[in-house]
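What follows is a set of notes on a single structure, which appears directly below.
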Protein chains: 2
Amino acid sequence: MTAPTARTTATAAQSTTAPASAAQAAETRRRVPAPTGPIPVPPSGAPRLDVGLVTEMLLGDWADVRRAARESARRPELHRPEDVTVAEHRARVLEQMHLLAAEEMSHRMLPESLGGPNDNGGNVAAFAELVVADPSLQIKAGVQWGLFTSAILQLGTAEHHERWIPDAMSLKTPGAFAMTEIGHGSDVQSLATTATYDPETEEWVIRTPFRAAWKDYLGNAALHARAATVFARLITRGVDHGVHCFYVPVRDEDGNLLPGVRSEDDGPKGGLNGIDNGRLAFDDVRIPRTNLLNRYGDVAPDGTYTSPIDSPGRRFFTMLGTLVQGRVSLDGSANRAAQLALHIAITYASQRRQFTGASATEETVLLDYQSHLARLLPKLAATYAGAFAHEELLHAFDDVFSGRGDSPEAREDLETLAAALKPTSTRLALDTIQECREACGGQGFLAENRLVGLHQDLDVYATFEGDNTVLLQLVSKRLLADYTGELRSIDRAGIGRYIAQRAETLSRRHTPWNRLVQSAADAGRPRRSSESLRLPEFQEQMLSERARVKVEEVALALRPAAGKEPAEAAAIVNKHQVELLDAARAHADLVRWRAFSSAVGAVADDGTRAVLTDLRDLFGLTVIHDDLAWFLLDGMMSLQRGRTVARDIRRLLWRLRPHALDLVAAFDLQPEHVRAPIALGAERERQAEAAAHARSERARADAPISEKALKRTHRKG
Amino acid sequence: MTAPTARTTATAAQSTTAPASAAQAAETRRRVPAPTGPIPVPPSGAPRLDVGLVTEMLLGDWADVRRAARESARRPELHRPEDVTVAEHRARVLEQMHLLAAEEMSHRMLPESLGGPNDNGGNVAAFAELVVADPSLQIKAGVQWGLFTSAILQLGTAEHHERWIPDAMSLKTPGAFAMTEIGHGSDVQSLATTATYDPETEEWVIRTPFRAAWKDYLGNAALHARAATVFARLITRGVDHGVHCFYVPVRDEDGNLLPGVRSEDDGPKGGLNGIDNGRLAFDDVRIPRTNLLNRYGDVAPDGTYTSPIDSPGRRFFTMLGTLVQGRVSLDGSANRAAQLALHIAITYASQRRQFTGASATEETVLLDYQSHLARLLPKLAATYAGAFAHEELLHAFDDVFSGRGDSPEAREDLETLAAALKPTSTRLALDTIQECREACGGQGFLAENRLVGLHQDLDVYATFEGDNTVLLQLVSKRLLADYTGELRSIDRAGIGRYIAQRAETLSRRHTPWNRLVQSAADAGRPRRSSESLRLPEFQEQMLSERARVKVEEVALALRPAAGKEPAEAAAIVNKHQVELLDAARAHADLVRWRAFSSAVGAVADDGTRAVLTDLRDLFGLTVIHDDLAWFLLDGMMSLQRGRTVARDIRRLLWRLRPHALDLVAAFDLQPEHVRAPIALGAERERQAEAAAHARSERARADAPISEKALKRTHRKG
């Protein structure tokens, strides 16, 4: 498991010596329209966030790359169109792709051997910024370079690189990544397409044996792909060596399907309609022997199979490891999309007024309502946590993919971390965007204000590149394995004793007596127990214990499965599946909390650190609050203390209220990224005009008097 | 407050004597494709649901109306198109509207005086069924007949009815309901458009004083409306009598805007793109004096204002009461949409297979995974609860609007019930549709499988016709008023004592001692405490106490606001807004649980009652589980008992598993309603073909042997 590190320390320290960027950030801040009323500023002497500093922290170690990508994403020619047909949107995105290709958008991913800088982290960092231009463009770029080209790069060898990568990079060969089949998505091991070697002609015969084995949901497959990296079971000399990847041309120069290749269009989708997703099937399509991407397995002209990895299982998972790039990319993109949604909703909420209450003449700004703060600020806190955790994931990815820190353990850690962060960040992004859309009322439903489009496009992030449920299962399996490993480190005789001890500890937690002592200790000291919730040590303990105990409980519950027949064992595991997924989520929460804390800990500026600490606390306490029943039932928290959690969260909401605009300003979203009229001054102008009208009406001698006021006067008279 | 009644009793009893419909339901059931594997049926002797009976229960008291509307919704000419531009979709829906108008779709709403049956309940019941055809069509019909025509009917008098209703019904006059302004949606009282009476010409002068006062989001406003019912402040003789409704022609026969009327197009939206939503503004537009819809307020030729309701506040809320129809309609429609989503996702989940585990040769059906049951069945249970509660709301609405049970109290009860159910059912529908879409993976993202379109179209149900947050606030205000009324019934001297008592009771709940006794009582009897969770008395007590205590706690917390300056009082209320909304939701949960229980209690068939009781328990326990920390902290549940809730829910999931298909079959959704290929046999056929292929491969002598198996053999040999 990749332990969260203090990498952000360096970032934060650097940022204080980056005046140009700070100035840029200050400029951003000026462009954020001010609300009509007085901006709620903290009382003088109270902490204040240094927006420029936080912008730098969020830009992270690939700041220059991100800045350039943000600059690029401002261009109207890359933006998502509204109200176009699927065909029009696809055509537009293809054009945009050629623009990106001409600018060598993905050049950073290439290794030195191909003339590139081997900057995998930078490549993914730049990619994430594209989401604010058009998620369709982003994902189509991901298909072309992150999947199709990457497959050639990661699974092929030098000859393949030379033959195919230049045209893939330049988009001369648009390609499809033909892994998923209708019948099997996340279960790649069960793919049914076959590639059978024919030693007579030294060719592979690619076959789709039945309807469910059609490749499906492939970007570029419906229209644009000229070639595909096809995953199929490699069969030679009567032996099925499992899934390998083959380079298969599918269309000629004029776009006509090659003989034996069939294609279908997936048609309109819930979003991402700028991508021509479709299906491919192969009727005994023949390709040369050397079209096998042979880094991890090869076949000699006579059909002899060889592989540098002896175990078929390990070989398969090594090949699949290339998929992690997609997950890393989606984690970052989901986070960036959530930032955009929060920028729009929080800006609007700080200008939009509705209902009087606090004043007879002036209506209340939405963000001054407790429920509005409660729906937006915890999501803002989680998005910050997600940004810092993503930076750590990006480093782990860069270390492995650059080869600098590549080892089986590092790969496994990276895969687990990506499998934990991708499902939880895409979930957070979807929930955040939806909450933001509803928080903007009718305006939020208009396409021009972006939020509905973001939700539609990001919707599929939850189920592609590894379905969220399946990924969380992977994480929990790894956590269980780690736990079992821990057991194994104890000598044989000790295991039984150890398990008995743990079981006893857990069962003791389930009695009220233990808890009682805690309650008594807390009793009469609500202030102290409330203060302790804000202590990082307390949050760390709660969140790490929760992550650990959840794994432990499942591990103990699954003990009866050991030694059982597969069917019976599977049934036992299935009875605890919800808990398994829950344990994986608890792990992801912990990773994010630690990343946030380590970033906060490295901030030198007192005001900034104070505000970010509040935000980190809001994140930590919200996680605890959302699972409070578990903490209470497990005896990890006394009822006395449990009662203070909600109250503390509410206090944090009001403490953070004056910093809400600063916190979204640090996301460094320029007007050309935002593009939502309600967050670019339209609402502010309307409010100002209405307020001016109300003032002039009040000043007018002959303004109508209200019937209500009249009746009051009559009664008094 | 409308107390849940046992109306469903009659429904259930009737259904047993409706053989034609039972046959129809059986037919429906036959059409639901069977899964490839053995259908999980309960062991012989175990309870079995009578699908026909439950279909009848859900059809409710307006069964014939619903049946006819379902038949109508099967017609392809009414279905939502895919991949069309906004303009094309709008044109199509306008055509469909003419079809519905020709069939006198909304004739039922008309009173006897206009030749109608005055069947308001039936009118709304039929309306709800339209959602499965195209939500755009449904809402455009709602705008025309439920809002525009209804405003004339409810707020106008006989002369208005004769002059305008026939053309509104026939769609000769497409109309807009011009209430909401850009600046004020849910806060109708603050609308800024003015209608100033000019006694010289005996005309009203309609004026939009500033940009935020433009009418916005109005269906029909961008293109089709010829007239609008405009809500504006009535000003005569220098007095502002507050918001009234005026009939204002806006376009001529050729569709050109009339002088002084301006219009803008809202453009593409997140969904419902078949409706031409837009804005309207009025530059001193003059209309005759008699265009004031004068049921609740009138002006004589000389400008004298009169009203049958003296209090301006009460008059306003009486006029606004007509809005309740929209909320009742959305409650039913949201429920029907959730039924459709669940039908699709549960059918697919019972056929789709992924990953082996339980068997070496056959993959596991999705619905046999615990996490899949856990994501879908609680939503199914809540949707059933929502259907039964909606039937009660429909009766309350019908009683009031038919005039049979109209009284200020009944209206207020109806409005509170609608304000509680609409936000919670639209929330449930959106969450359910999203869960269903994700549960269907990549297939769920394809437009052809309907789920993404349903989410897009229903998205705005959460914020229109009364924003969900605002409606829940209305409910909590009413609940607080009821509570205060309860206090008032105690004599003056007793109030202080009473409050002190309640406060003491509550504070005692917050100490652990009270709880301790409960724990001790439960201790060592987990079986018994688990059983008691399934007792309806227990659930009733938990849910009703929760609803009551949440109001009580807020009421006590708000006591310091009494007698304070408005600004200070508002600040205190605002500090408890989240709790206020929470109390309203708790009330809605209770209403649904009681409606479900009363429906279940009336079932004569043992098997059906047993299954529905499990489903009701799943609903009740899920509500308790989702708020478990509150029950524990408030001392309403011991930790001992709290620990059994999740376990009991899991048991219920498995008990209900064999009935999942029956439960969705009772929704009576025909293939022409469903239209999603994955729920109409496509997946089943693919699975059957793949299974046949696997069987023939296993039988083939020269089938390739896997490298893994080969290695195992070698090792053994």
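Lettering follows sequence order; numbering is per chain, from 1. These values consider heavy atoms only, across backbone and side chains, with no hydrogens, waters or symmetry-generated copies. All values derive from a computational prediction rather than experimental measurement.
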When [options] are compared by non-hydrogen pairs under 4.5 Å with chain B, the top option:
options	answer
A/A629, A/G441, A/A692	A/A629
A/L430, A/D310, A/V645	A/D310
A/L373, A/V239, A/N574	A/N574
A/A374, A/S359, A/P209, A/A646	A/P209
A/A462, A/G271, A/P566, A/A571	A/G271

Heavy-atom contact with chain B under 4.5 Å, split by part of [X]:
X	answer
A/Q443	both
A/L581	side chain
A/R437	side chain
A/W630	neither
A/Y217	side chain
A/R352	side chain
A/Y305	side chain
A/I705	both
A/L580	neither
A/V470	side chain
A/R427	side chain

For [X], which atoms come within 4.5 Å of any heavy atom of chain A: side chain, backbone, both, or neither?
X	result
B/H625	neither
B/L628	both
B/R237	neither
B/S190	side chain
B/T469	side chain
B/E568	neither
B/I235	side chain
B/D702	neither
B/E697	neither
B/E565	neither

Can a donor-acceptor pair be found, under 3.5 Å and without considering hydrogens, that links the side chain of A/E707 to the backbone of B/G242?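 Pair absent, no side-chain N/O of A/E707 close to backbone of B/G242.
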
When you measure from the side chain of A/Q354 to the backbone N and O of B/G185, does any donor-acceptor pair fall under 3.5 Å?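 A pair under 3.5 Å: yes.
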
Closest non-hydrogen atom pair between A/A212 and A/E181, with its separation: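 It is O-CB, 3.6 Å.
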
Which atom of A/K575 lies closest to which atom of A/E579, heavy atoms considered: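 What the structure gives for the nearest pair is O-OE2, 4.0 Å.
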
Electrostatic pair A/E689-A/R686, nearest N-O below 4.0 angstrom: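 Salt bridge between A/E689 and A/R686, a charged N being under 4.0 Å from a carboxylate O: no.
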
For B/W214, does the six-membered ring have the charged nitrogen or CZ of B/R211 within the cation-pi criterion, i.e. under 6.0 angstrom from the centroid and within 45° of the normal?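 Yes.
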
